[in-house]
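If you're wondering where the values come from, they're calculated on a predicted model, not measured in any experiment. Order of the sequence lines fixes the chain letters, A, B, ..., with proteins taken first and strands second; residue numbering starts at 1 for each chain.
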Protein chains: 2
Amino acid sequence: MGRKARVSPDRILAAAEVEFAARGFAGARVDRIARRARVNKAMIYYHFRSKQELYRALLRRMFQTIGDRLREVAASDDSPAAKIDRVVATLAELVGEHAHLPAVMLREIADGGARLDRDTLAALAALPAVVAGIVQQGVTEGAFRPVPPIFAYFAMVAPIIFYRASAPIRAEVTDLHLVDLRLTPEAFVHHMQEAQRRILAGAGPSPSRPTS
Amino acid sequence: MGRKARVSPDRILAAAEVEFAARGFAGARVDRIARRARVNKAMIYYHFRSKQELYRALLRRMFQTIGDRLREVAASDDSPAAKIDRVVATLAELVGEHAHLPAVMLREIADGGARLDRDTLAALAALPAVVAGIVQQGVTEGAFRPVPPIFAYFAMVAPIIFYRASAPIRAEVTDLHLVDLRLTPEAFVHHMQEAQRRILAGAGPSPSRPTS
DNA sequence: GTCTATACTTCGATAGAC
DNA sequence: GTCTATCGAAGTATAGAC
């Protein structure tokens with residue numbers, strides 16, 4: 001019942017992701033999205049009301065996807081340290097699967113969230129909240145030292161986004177023999193996990209030291 | 001002799017920085033830049049050849065400024081650990097002084113460096129090179145463990161840029177009582193310095209341990 | 001749900017006088 | 001160096017047939 005009705009909006013969203021990621025909201029062209037989605041331009045305005053509404057729908061879906069994956073990790077019964085490792089790996093996987101996600105997030109932050117409605121903002125705010133929960137758990141169990149949630153979040157997320165989104169620039173810089181900026185995704189994730197462990201590690205080296 | 005001749009281009013660049021940071025290249029309007037710079041629009045095309053050339057001139061100047069400040073730190077005779085602290089503080093200062101710098105960098109990365117000419121690319125590539133030099137010095141002196149230069153660079157720069165550029169979104173999220181994402185710049189810098197020290201710290205806790 | 005044709009607007013860029 | 005006036009190209013959005 002009505003399964004085909006979804007294929008058009010979904011193809012539009014997929015095409016929109018590529019276009020908005022590559023050019024930003026202002027630079028994106030509805031004609032190009034239509035062509036890539038192999039639908040008529042009028043269909044975009046039929047399914048979504050405007051370019052802006054299409055953009056919002058895309059962002060809601062993106063943040064929801066990320067949040068779902070992170071909440072999965074947070075809900076597991078792994079140790080806090082293992083959860084942090086998994087959060088880093090999960091974020092890296094997500095940006096690996098959805099190659100356009102980093103650019104969209106970068107642009108949205110640069111825009112100051114000007115086009116985010118309340119629901120989308122809530123979905124975005126849920127991301128640092130998940131990380132905060134894991135850190136809090138680690139602190140309670142004595143494995144982590146306390147750090148501000150938003151700091152832990154940015155220390156984790158920002159380098160991953162930068163690393164992925166900067167791939168074209170790094171490749172060009174390396175090709176021009178300016179500096180060698182190569183680093184495999186696997187090595188990067190490994191170093192990120194080590195870094196987060198070091199950032200969050202409690203004062204003492206012993207895994208479970210009594211607090212008092 | 002001819003000092004006044006510079007005031008117009010400089011005012012244009014200053015206005016362009018605001019406009020490009022807030023709206024991106026595609027979203028920026030030459031008319032708005034002209035109005036903000038209090039010059040006639042035709043003057044922009046007289047001093048710079050096009051919107052694109054104006055944008056490039058702006059980026060060159062930005063990366064040059066950052067590079068100069070970082071090279072100053074690298075050239076000092078501080079210890080590598082102290083230099084890392086100063087690099088973090090310097091970057092934080094820079095984005096504090098030039099509030100529009102983070103957004104421009106975010107957008108340029110998202111664009112994949114599409115509008116960077118070779119000179120600008122070289123000025124950008126010099127940034128991780130400076131950090132790499134400091135890390136290398138620390139490794140040689142036995143104070144740091146070896147990490148890939150581009151990793152050390154992103155771990156340092158990405159959170160700072162994100163933190164600054166996300167200020168409007170964080171404020172809105174906090175105001176809507178979704179989550180409390182407040183964190184003072186001073187506290188943020190302090191935590192960043194601590195984090196970088198932990199990431200780079202050599203295996204042993206002793207400051208100057210003989211290598212062999 | 002789908003397509004064609006087009007109205008309406010905005011914007012980058014320049015011509016040409018001073 | 002500076003200003004006015006304007007061209008021409010895109011671009012969003014919709015009307016209306018099927």
Side-chain angles (χ1 to χ4, degrees), chain A residues 1-59 103-104 107-108 110-111 114-117, chain B residues 1-60 103-104 107-108 110-111 114-117 120:
Chain A
M1 61 293 215
R3 202 163 49 83
K4 186 157 183 226
R6 277 269 95 202
V7 59
S8 184
D10 283 352
R11 277 223 311 269
I12 292 171
L13 278 170
E17 185 174 329
V18 178
E19 178 72 6
F20 284 125
R23 319 229 182 200
F25 180 81
R29 296 295 166 245
V30 178
D31 288 271
R32 266 197 297 259
I33 295 174
R35 186 147 26 89
R36 185 183 293 271
R38 283 168 297 143
V39 302
N40 190 281
K41 181 168 62 160
M43 286 306 295
I44 293 181
Y45 289 95
Y46 173 78
H47 286 295
F48 305 87
R49 278 168 36 88
S50 66
K51 182 183 175 180
Q52 170 130 202
E53 284 304 308
L54 170 59
Y55 183 71
R56 283 183 170 153
L58 176 70
L59 287 191
V104 173
R107 293 186 197 278
E108 196 47 45
D111 280 344
R115 266 174 288 273
L116 298 182
D117 52 41
Chain B
M1 57 305 211
R3 201 163 49 82
K4 185 155 183 230
R6 276 270 95 200
V7 58
S8 183
D10 284 350
R11 276 224 311 269
I12 293 170
L13 279 170
E17 186 174 329
V18 178
E19 178 73 5
F20 283 126
R23 319 228 182 199
F25 180 80
R29 297 296 167 242
V30 178
D31 288 271
R32 265 197 296 259
I33 296 174
R35 188 148 24 91
R36 186 183 292 269
R38 282 168 297 143
V39 301
N40 191 281
K41 181 167 66 158
M43 285 307 295
I44 292 181
Y45 289 94
Y46 173 78
H47 286 296
F48 306 87
R49 279 168 36 87
S50 65
K51 182 184 176 181
Q52 170 132 203
E53 284 303 309
L54 170 59
Y55 182 72
R56 282 184 170 153
L58 176 69
L59 286 190
R60 259 195 306 276
V104 173
R107 293 185 196 280
E108 195 46 44
D111 281 342
R115 268 174 287 273
L116 298 183
D117 53 42
T120 312

Shortest side-chain distance from B/S8, nucleotide among C/dG1, C/dT14, D/dT2:
D/dT2

Side-chain contact test, heavy atoms from C-beta onward, threshold under 4.5 Å: evaluate it for A/K51 versus A/F20 and give yes or no.
yes

Check: A/L58 main-chain N/O paired with A/E17 side-chain donor or acceptor under 3.5 Å:
no

Atom CZ of B/R49 and atom P of C/dA13 are separated, to the nearest Å, by 10 Å

Kindly compute the distance separating CZ (B/R107) from CG (B/L59), expressed to the nearest 0.5 Å.
12.0 Å

B/L54 versus B/L13: any side-chain heavy-atom pair under 4.5 Å?
yes

For the pair made of CZ in B/R11 and P in D/dT2, what is the distance, rounded to whole Å?
9 Å

Whole-Å gap separating C1' (D/dT2) and CD1 (B/I44):
13 Å

Within the structure, does a side-chain N or O atom of A/N40 lie under 4.0 Å from either OP1 or OP2 of C/dT4?
yes

Nucleotide nearest B/S50 (side chain, heavy atoms from C-beta), chosen from C/dA13, D/dT4, C/dT2:
C/dA13

Could you give the CD1-to-P distance, from A/I12 to C/dC3, as a whole number of Å?
11 Å

Exercise: identify the closest heavy-atom pair between A/A21 and A/A103
O-CB, 3.4 Å

A/Q52 CD to D/dA13 P, straight-line distance once rounded to whole Å
9 Å

So, does B/R56 use its side chain to make a donor-acceptor pair with the main chain of B/R115 at under 3.5 Å?
yes

Looking at DNA chain D, which of residues 13-33 of chain A put a heavy atom within less than 4.0 Å of it?
A/A28, A/R29, A/V30, A/D31

Per atom distances to the A/M43 side chain, the nearest of D/dT14, C/dT14, C/dT2 is C/dT2

Rounded to whole Å, how long is the line connecting atom NE2 of A/H47 with atom C1' of C/dG1?
7 Å

Atom-to-atom span, CD of A/E53 to P of D/dA13 - whole angstrom:
10 Å

Any side-chain N or O of B/Y45 under 4.0 Å from OP1/OP2 of C/dA13?
yes

What pair of heavy atoms forms the shortest contact from A/V39 to A/R11, and how long is it?
CG1-NH2, 3.9 Å

Among D/dA13, D/dT14, D/dT2, which nucleotide sits nearest the side chain of A/K41?
D/dA13

Spacing between A/L54 atom CG and D/dA13 atom P, to the nearest angstrom:
10 Å

